[in-house]
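Have a look at the structure below, then the notes.
Nothing here was measured: the structure is a model prediction, and the numbers come from that model. Hydrogens, waters and symmetry mates play no part in the numbers below; they use all other heavy atoms, side chains included. Below, chains carry the letters A, B, ... as their sequence lines are ordered, and counting in each starts from 1.
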Amino acid sequence: MDRDGELIRLVDLHKVYKVGEIEVPALRGIALTVQRGEYMAIMGPSGSGKSTLMNLIGCLDTSTHGEYWLSGVNVSTMDDNELARIRNREIGFVFQTFNLLPRANALHNVELPLIYAGMGLADRKARAREALTAVGLGDRMHHKPAELSGGQRQRVAIARALVNRPSLILADEPTGNLDSATGEEILQMFDELHRRGNTLVVVTHEESVAARAHRVVRLLDGQVVSDIMNGHPPQPAVDIHAL
Amino acid sequence: MKTFFWDTVEAASIAWGALKANRVRATLATLGIVIGVMTVVLMVTIVAGLNASFKKQLSLIGAGTVYVTRFPWIMQDDFFLYRNRPRLTLRDAEAIHRESLLAEAVTPSVDTMRPVSYGSTVLNGVFVVGAGDDYQKTENVMPEVGRFLSRQEFEANRSVVVIGQEVADRLFSARNPIGQEIRIGAHRYRIIGVLEKQGTMFGMSLDNQVIIPLGTLMKHFGRRRDLTISVKAAEGVRLVDLKDELTGILRRSRKLGPGDKDNFSINERDQLMATYNKLTAGVYAAGIIIGGISLLVGGIGIMNIMLVSVTERTHEIGIRKALGARRSQVLRQFLIESALICAVGGIIGVGLARLGGAVINQWLPTSMPISVAVGSMAFAALVGIFFGLYPAAKAARLDPITALRKE
């Protein structure tokens, strides 16, 4: 897979919600480029539009105006089914509330993206086992979410996010429902994923979480107010303009 | 194609899990389907059973034979109109015998109810048939033991009798009745044969009869009797043609003018069949209407429960959509679920109909055609798909974000 170059390009992205007769702008012209292999945090107070931005990047929602290019494909013009396919193949979600199916065991939860990708029984079981083993849950595959701790549930969710080998891992307050020790475990896992070349975008309001990322984008009132590099990004910002 | 297969399997297993989790609710929801399927299948079971038994009974009446009578088998007019008709007489029978080219055999016969006794045992209400000499050619009677009436016995009006199985059993039990003397009314008859077992026709035992020569019956019990003339068509002759010919012969023999209506009736087996079919068509229609209404009500129940299910599982749908489930995949999941609920209802319905059929079988013959059992289960599943369409479409159209937010 091509590890270099641009993964996400947002061009003048707008999102307006209609509440009855009133139009509420949530995003007002976001322009953002994310390189492959970046670890980026999106921060902002509530109402700043960071959830809206995450939904758009995750292809869970479509913009009112502007363009969204993912892996060189214009996603903003896609219909429902095409977006479902993009979510399935290109994006791995990690949610604050884990969002596992309560009746299914860990293995089946991890299998779900592969089922919707149409993979056969034997292959997908093997892939799901591999993913669960990678997050250290090889011995918990047949446990239901209710039988797992918060940290273990989030690791199941990470295994599920990774199982289809997506180009983007999109996390929404991934440590929000965890105690600090468990949260730290998850963040270490993210560090490791980043080291291996995955692209991560984490939406958070916690400075400590954002500090782990190499780039922090801050939103306010639907606009980017700052875009700062932490430490040593694998792709310096200057390269973007050089392209 | 591969995707289709796997998410159908996935959908079926989800549906099964959901059903198991809500067993009581699913059972109650499918009650309407159960009742609908049970009604239809039970109705068909009964009618099919009656049909089979009716056809078997009708086969005792010869297919190539017509029966000339004063009263038609199926009365379409006032009884009194028929009662005013003159009787059918031996003269009519002789006329047919003499003039018909299309008949192979002509047999006048008459029946009457008499007590039959042997020693001190008395049987009341036995059918006494006075048979003409070609009786065996037009009717389906065979002696099992002994022999049938002979030509000499017919011609000489002998006091000999062939008795039915039931009469033989009740008068003689295990003993051999051949050669014994029984009384019919006040007269003595020697037994020369016992008929094969014939079963019942329309609730009447055909084995509770005795057959004596027609002449003997008239001599002993009176001549002014209303005859039935059985006419068997010759090989290859159509019954319509035979009926036409007989009508002509009888009109002449009974001296009817050109404007007079026939004062006799020519009956055949198919008439009974047609009337019977008309009757059972009514029963069928009633069953299908009742079953159809139950299925409709049941289907609405399914729609309701599926709407509840979709609402309850909105969050699940959100998760599935976030992970890449397409609209069609969500739609299929819920359609399969409602089809499954209904198919289970159909299976229960067929099972209950089967039980009901077994109970009814004690009074009425029943038989459940396998095609109806399978067909009604499939139809129940179709009802599920039809009424599941709206809730499933609702689930499929859910916005992933809204659905995810709902806990």
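- More than 12 heavy atoms of other residues, nucleotides or ligands lie within 6.0 Å of CZ in R25(B), so this atom counts as buried by the packing criterion.
- R103(A) CZ to R313(B) CZ: the interatomic distance, rounded to the nearest 0.5 Å, is 5.5 Å.
- Under the side chain to side chain donor-acceptor pair (under 3.5 Å) criterion, no residue pair touches residues 278-289 of chain B, with sequence neighbours excluded.
- Scanning for salt bridge (Lys or Arg N to Asp or Glu O under 4.0 Å) contacts around E192(A) gives R195(A), R196(A), with sequence neighbours left out.
- The CZ atom of R327(B) sits 8.5 Å away from the CG atom of D79(A) when rounded to the nearest 0.5 Å.
- Note: N109(A) CG to L323(B) CG = 8.5 Å, rounded to the nearest 0.5 Å.
- Heavy-atom distances place the side chain of D80(A), and not its backbone, under 4.5 Å from chain B.
- With a 4.5 angstrom heavy-atom cutoff, T97(A) touches chain B only via side-chain atoms.
- In this structure, CG in N99(A) is found 12.5 Å from CZ in R320(B), a value given to the nearest 0.5 Å.
- The shortest heavy-atom contact between A84(A) and A325(B) is CB-O, 3.8 Å.
- For L100(A), the part lying under 4.5 angstrom from a heavy atom of chain B is the backbone only.
- H205(A) meets the ring-ring contact (aromatic ring centres under 6.0 Å, His included) test with no other residue; sequence neighbours excluded.
- Here the CG atom belonging to N88(A) is positioned 8.5 Å from the CZ atom belonging to R326(B), to the nearest 0.5 angstrom.
- Here A322(B) is the residue among G318(B), G17(B), A322(B) with the most heavy-atom pairs under 4.5 Å with chain A.
- Taking non-hydrogen atoms and a 4.5 Å limit, the residue list of residues 377-405 of chain B in contact with chain A, ordered by number, reads D399(B), P400(B), I401(B), L404(B), R405(B).
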